[in-house]
Amino acid sequence: MQRIYFDNAATTSLDPQVLEAMMPYLTEKFGNPSSIYSYGRESRLAIETARKSVAKILNAHPAEIFFTSCGTESSNTAISAAVHDLGCTHIITSPLEHHATLHTVEHLHKRGDASLSYVNLLPNGHIDLEDLEHQLANTADKTLVTLMHANNEIGNLLDMHGVGELCKLYGAIFHSDTVQTVGHFPFDLRNTPVHFITGSAHKFHGPKGVGLLYINENVRISPYIHGGSQERNMRAGTENLYGVVGFAKALELATAGFEADSAYIKGLKIYMMEQLKKNLKGIAFNGDPLGRSLYTVLSVSFPKTEKSEMLLFNLDIHHICASGGSACTSGAEQGSHVIRAINHNPNQVTVRFSFCKHNTREEVDAVVGRLKELI
Ligand SMILES: Cc1ncc(COP(=O)(O)O)c(C=O)c1O
């Protein structure tokens, strides 16, 4: 039986064109980018060409683009730097952040490096901007606001400009985890009031193990990883040459196909919502799926029964890949911290379906048909 992969927010398949672009750097072009002879210079050129391409697509300056090992490292770097280098002694975040953010801010808080507060949520899971402003207005401390652009479990989209303007008004530093939107959304960083954003190639048909950190040109921080002078002294360690080349190629392809792909994927999401409503009773969609929402993600709660409690397991048996929440926490017993924060109904089982351009309506029909049987 064909596998149906509806877990594209966890990771995506590598685009063959990306692999093709990477291959020379996995084989004959293996020089260390720091070496000064021709092999090294060839590798250095590939990295700097990738940086320029990424910067152009995001409307940033190449000097603002840093390659890392993953989105998690990028967020750790930005958040730690805001506290240790930029003088932030207070952090405002939300309970819906990815653990790359939540565990980092909790760690800094436990060490006594910064106080920590959580912004209120609206009933649909969006950030309450009035509460954010209230919190910013009522702290005398230099503050870091760290809020994700798109939630990886429910798809809610942040009003990044709105948050950025508030941060500007109150002199706060703004970091946004954009791992689910870089490669899925047009960015115009020159005209976006944000200090740090992050990205991860494996979320948009690029390779795993390569991330992006954008640091606004007006921000000066110290490195998070110490060692050699790679990434202009900002991120030591021999560069993931083929990964960086793959990152840029994947972003180029995603950008070229953005209009057609996003419309197609959004159509799939809406079709799945319609089919679920038509075929299953008592289901609920989490977040704001038809409002400010990422077109790739659909979070569905099903009534809890003896059968539905085993839902993910049974979907897996039938070769359907979907998650209970973030892939990084899917082994955890307590379930999703995001769903717990927005939905207090313990009599529901939640599944996240997330789509890409390779998915089809036939697959949606097959999954809905299987869900009908399993619930
Ligand atoms: C919103 C969000 N932030 C951060 C990450 C971590 O990214 P990476 O896998 O590149 O460390 C992920 C991916 O799981 C994510 O979905």
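Count residues from 1 along the sequence.
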Considering only NZ, NE, NH1 and NH2 on the basic side and carboxylate oxygens on the acidic side, decide whether Arg44 and Glu239 come within less than 4.0 Å.
yes

Donor-acceptor side-chain pairing of Gln348 and Asn343 below 3.5 angstrom:
yes

Given 3.5 Å as the limit, does a donor-acceptor pair link the side chain of Thr68 with the main chain of Cys70, or not?
yes

So, Asp141 side chain and Thr143 main chain: donor-acceptor pair closer than 3.5 Å or not?
no

Arg352/Asp7 ion pair, N-O < 4.0 Å:
yes

Residues Thr12, His202; criterion side chain to side chain donor-acceptor pair (under 3.5 Å); working and verdict:
CA-CA 6 Å; Thr12 53; His202 73 101; over 6 Å; no

So OG of Ser94 and CG of Leu121: to nearest 0.5 Å the spacing works out to 6.0 Å

Taking every non-hydrogen atom, the tightest pair across Val119 and Pro95
O-CD, 3.9 Å

CA sep, side-chain torsions, deciding dist, call: Arg51, Glu231, salt bridge (charged side-chain N to carboxylate O under 4.0 Å, His left out):
CA-CA 10 Å; Arg51 194 186 318 280; Glu231 295 296 287; 2.8 Å; yes

Check for a donor-acceptor pair, side chain of Glu64 on one end and backbone N or O of Asn218 on the other, with a separation under 3.5 Å.
no

What's the spacing between Ile320 CD1 and Leu315 CG if we round to 0.5 Å?
5.0 Å

Aromatic ring proximity, centroids under 6.0 angstrom, His205 and His358:
yes

What distance separates Leu166 CG from Leu147 CG, expressed to the nearest 0.5 Å?
10.5 Å

Report yes or no: is the cationic atom of Arg235 (NZ for Lys, CZ for Arg) under 6.0 Å from the centre of the six-membered ring of Phe66, at an angle within 45° of the ring normal?
no

Would you give the length of the straight line joining atom CD1 of Ile91 to atom OG1 of Thr139, rounded to the nearest 0.5 angstrom?
11.5 Å

Are Phe204 and Phe247, when compared by the centres of their aromatic rings, separated by less than 6.0 Å?
yes

Counting only heavy atoms not in Glu106, do more than 12 fall under 6.0 Å of its CD?
yes

Gap separating the CZ atom of Arg220 from the CD1 atom of Ile215, nearest 0.5 angstrom
9.5 Å

Applying the ring pair (Phe, Tyr, Trp, His ring centres under 6.0 Å) test to Phe355, which of Tyr5, Tyr264, Phe6 qualifies?
Phe6

Are Leu371 and Phe353 side-chain neighbours, meaning at least one heavy-atom pair lies under 4.5 Å?
yes

Atom pair CG/CG of Leu19 and Leu14 - distance to nearest 0.5 Å
5.5 Å

Would one find more than 12 heavy atoms of other residues, nucleotides or ligands at under 6.0 Å from atom OH of Tyr295?
yes

